[in-house]
Chemist: 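Please find one structure pasted underneath; my questions will follow.
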Number of protein chains: 2
Amino acid sequence: MSKEIISSTFPSPQHNHSECVDAALGEAERLCRIRDLRLTPLRKRVFELIWQSHRPVTAYELLDRLVQDGRRAQAPTVYRSLEFLTECGLVHRVESMNAYVGCNQPSRGHEVGFFICEACGDVAELADPALSSSVTKGAKQLGFTVHSRLIEVRGTCRACTAIKTDDPKRML
Amino acid sequence: MSKEIISSTFPSPQHNHSECVDAALGEAERLCRIRDLRLTPLRKRVFELIWQSHRPVTAYELLDRLVQDGRRAQAPTVYRSLEFLTECGLVHRVESMNAYVGCNQPSRGHEVGFFICEACGDVAELADPALSSSVTKGAKQLGFTVHSRLIEVRGTCRACTAIKTDDPKRML
DNA sequence: ATAGTAATGTTATAATATAACAATTACTTT
DNA sequence: AAAGTAATTGTTATATTATAACATTACTAT
C-alpha cells in the first residue's frame, strides 16, 4: 500500500455543514471509545463549538460561547479542553493564529500542513508525504533529527479566487 | 543559474560568534543604506540584542535588555523595532515560540523554513526550493493560491545529537 | 461506601501584543 | 538657520493569550 495524499479540501460554500459536524463528532466518539479517552460533556461541547465552522477559533471565542451556553466557564476550562482535544489529535492548533480548528482525519498520522484562506478564513488540512519528505531532506542536509513539523500556508482558496476573478458561473 | 539551497546551518559550539554579529550588522547597514531605510540607534540595538545568540528571543526579553542598557523602553518600543526589522527581512518571527531570530540571508528571498533544536534552542534557516515547490504542489491540488509559507521544524541539531549519543570525540 | 484518580471550578496572575496620543527627532525646503 | 512636515520614539493604558495554584466535584475500582 503506497503512501497517500490525504486532504480535507476546502468545503464548497454550499456544503451541508451539519454533515461535517456529525461526521466529526461520530469519529471523535469512536476514537475516544477505542482509546479509552474521556470525551466528557464539556470536551464534547468545546469540540462541537470548534466544528461550527472550518475557520480556526480562539480560546476566548470558545469561552464566550460556553458562557452563552450558561456555563460558568473560565479560561482554564477552555485551555484544558483544548489541551485534551489537541493531544488526542481531534483538534489542531494553528500557531500563526493562536486558534484552533477541527481535524479532518484524526485517526491518521498528523504530518499535516494547513492551507489558510485569507479571504474566507477557512482552513484545509493536507497530509502529503512529499511535503513531509521534503522537510526530512532539508533536515538531512543539516544533520537535523526531525521530531515534528509545522507547516502553515496562507493564500486564497479556489472558491475565493473564483469570486475575486468574477467567474460568472459561480454564485455565492 | 539554477535554484540554490541556501542554509545557515547550525553554528558549531566553538564558532566565533562575534563574527556572526559583525557580519549581520554589516549586512543590515548595507541593506538599509541601499533601500533607504533608517536603521536608527534603537533599531540597531534591538538587532544587536537579537543577534547575541542563534536562539530566538522574545519581545519582553529584548525589553529587559534595553532597560538594562539604561533606556526607558516600554513594550511598544520593542514591538515597533521588531516590526521594522521583520518587515525589512532582517529578523524573522518564529511563530511557534512568539520569538524573534536574526536572518542569515536578508538580501535573498524569504521562502525559508526554520529548524529549531529542542536541546540547545538554536535555529537554522533553510531556503530550499524543493521544499517551497512541495508546498506549491500541495496547494495546486487544492486549487489554492499561495501568498506565504510558514515552516517550522522541531528536533535535534547535529551537535546536540552527538552529545546525547555520548560521542566521545565531542566536548562542549 | 470509600479511597484514589481524573476532571472541572475558581481566583489570581503571567506573558504577549496593540491602541492612542504626546513629545521628540530628523528630514526637507526655503 | 528657521519653519514646516514626516518619521520615530516615549508614555499610558489596555487588550489578548495563557498558565499556576488550589478547591471542589465526579468518576472508577475495589
Side-chain angles (χ1 to χ4, degrees), chain A residues 28-29 31-33 35-50 55-88 90-101 121 150 152, chain B residues 28-29 32-50 55-88 90-101 121 150 152:
Chain A
E29 285 178 332
L31 268 182
C32 289
R33 213 175 317 111
R35 298 186 193 160
D36 200 25
L37 297 169
R38 292 162 63 181
L39 191 62
T40 63
L42 173 65
R43 290 164 174 176
K44 187 171 162 182
R45 182 62 184 142
V46 170
F47 185 72
E48 285 171 358
L49 289 171
I50 289 171
R55 285 183 293 283
V57 58
T58 69
Y60 279 80
E61 286 166 356
L62 291 168
L63 177 53
D64 286 347
R65 295 190 196 161
L66 287 176
V67 170
Q68 283 166 25
D69 280 358
R71 292 177 194 260
R72 275 199 309 258
Q74 299 290 341
T77 309
V78 179
Y79 282 101
R80 284 190 289 228
S81 291
L82 288 171
E83 188 186 10
F84 171 84
L85 294 168
T86 51
E87 281 181 1
C88 301
L90 292 170
V91 159
H92 293 295
R93 177 175 159 87
V94 180
E95 290 293 337
S96 60
M97 301 179 74
N98 299 331
Y100 302 82
V101 71
L150 164 61
E152 296 179 11
Chain B
E29 285 178 333
C32 288
R33 212 174 318 109
I34 289 169
R35 297 185 194 161
D36 200 26
L37 298 169
R38 293 163 63 182
L39 191 61
T40 63
L42 173 64
R43 288 165 175 175
K44 187 171 161 181
R45 183 63 184 140
V46 170
F47 186 71
E48 284 171 358
L49 290 170
I50 290 171
R55 285 183 293 283
V57 57
T58 69
Y60 279 80
E61 287 166 355
L62 291 168
L63 178 53
D64 286 348
R65 296 189 196 163
L66 288 176
V67 170
Q68 283 166 25
D69 279 358
R71 292 177 195 260
R72 276 199 307 260
Q74 299 290 341
T77 308
V78 179
Y79 281 101
R80 283 189 289 228
S81 291
L82 288 171
E83 188 186 9
F84 171 84
L85 294 168
T86 52
E87 281 181 1
C88 301
L90 292 170
V91 159
H92 293 296
R93 177 176 160 88
V94 180
E95 290 293 338
S96 60
M97 302 179 73
N98 298 332
Y100 301 82
V101 71
L150 163 62
E152 296 179 11

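We use all heavy atoms of the structure for the numbers below, so side chains are in, but hydrogens, waters and symmetry mates are not. Letters go in sequence order (proteins before strands), and every chain restarts at 1.
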Chemist: Under 4.0 Å from any heavy atom of chain B: name the first and the last nucleotide of DNA chain D that qualifies, 5' to 3'.
Modeler: D:dA7 to D:dT12
Chemist: How many whole angstroms separate atom OH of A:Y60 from atom C1' of C:dA17?
Modeler: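 In whole Å, C:dA17 C1' and A:Y60 OH are 14 Å from each other.
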Chemist: Which value, rounded to the nearest 0.5 Å, describes the distance between A:T77 atom OG1 and A:R71 atom CZ?
Modeler: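 Result: 9.5 Å between the selected atoms.
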Chemist: Atom CD1 in A:I50, atom CD in A:E48: separation rounded to 0.5 Å?
Modeler: 10.5 Å
Chemist: With the side chain counted from C-beta on, respond yes when A:V46 and A:L85 share a heavy-atom pair under 4.5 Å apart, and no when they do not.
Modeler: yes
Chemist: Quick one: do the B:S96 and B:E152 side chains pair a donor with an acceptor below 3.5 Å?
Modeler: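 On atom types as modelled, these side chains qualify, holding a pair under 3.5 Å.
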Chemist: Reckon A:R93 touches a base, only the sugar-phosphate, or nothing at all at heavy-atom distances under 4.0 Å?
Modeler: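 Sugar-phosphate, no base atom in range.
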Chemist: Which whole-number value in Å describes the distance from B:Q74 CD to C:dA20 P?
Modeler: 18 Å
Chemist: Is B:N98 close to B:R93 at the side-chain level, that is, under 4.5 Å between some pair of heavy atoms?
Modeler: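 Yes, side chains in contact.
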Chemist: Can you work out whether B:R72 or A:A99 has the more 5'-proximal nearest nucleotide on DNA chain D?
Modeler: B:R72
Chemist: Looking at A:R43 and A:R38, would you say the former's side chain and the latter's main chain have a donor-acceptor pair under 3.5 Å?
Modeler: yes
Chemist: Any side-chain to backbone donor/acceptor pair from A:R35 onto A:C88? Under 3.5 Å, distance only.
Modeler: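 Answer holds: yes.
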Chemist: For the helix from C:dA1-D:dT30 to C:dT30-D:dA1, figure out the bend between the end axes, five pairs an end, and round to 10 degrees.
Modeler: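 End-to-end axis angle for the helix from C:dA1-D:dT30 to C:dT30-D:dA1: 30°, rounded to 10°.
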Chemist: Starting at CG of B:N98 and ending at P of C:dT18, how long is that distance when rounded to a whole Å?
Modeler: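 B:N98 atom CG is separated from C:dT18 atom P by 10 Å.
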Chemist: Give me the distances for all protein-to-nucleotides 2-8 of chain C N/O pairs that come in under 3.5 Å?
Modeler:
from	atom 1	to	atom 2	distance (Å)
C:dA6	O3'	A:R38	NH1	3.4
C:dA7	OP1	A:R43	NH1	3.3
C:dT8	OP1	A:T40	OG1	2.5
C:dT8	OP2	A:R43	NE	3.4

Chemist: Is the number of heavy atoms from other residues, nucleotides or ligands within 6.0 Å of CZ (B:R55) greater than 12?
Modeler: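 Check fails, neighbour count at 12 or below.
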Chemist: Taking atom P of C:dT10 as reference, at what distance in whole Å does atom CZ of A:R71 sit?
Modeler: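 To the nearest whole Å, that distance equals 12 Å.
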Chemist: Within this structure, what is the OH-to-C1' distance between A:Y79 and C:dA15, rounded to whole angstrom?
Modeler: 11 Å
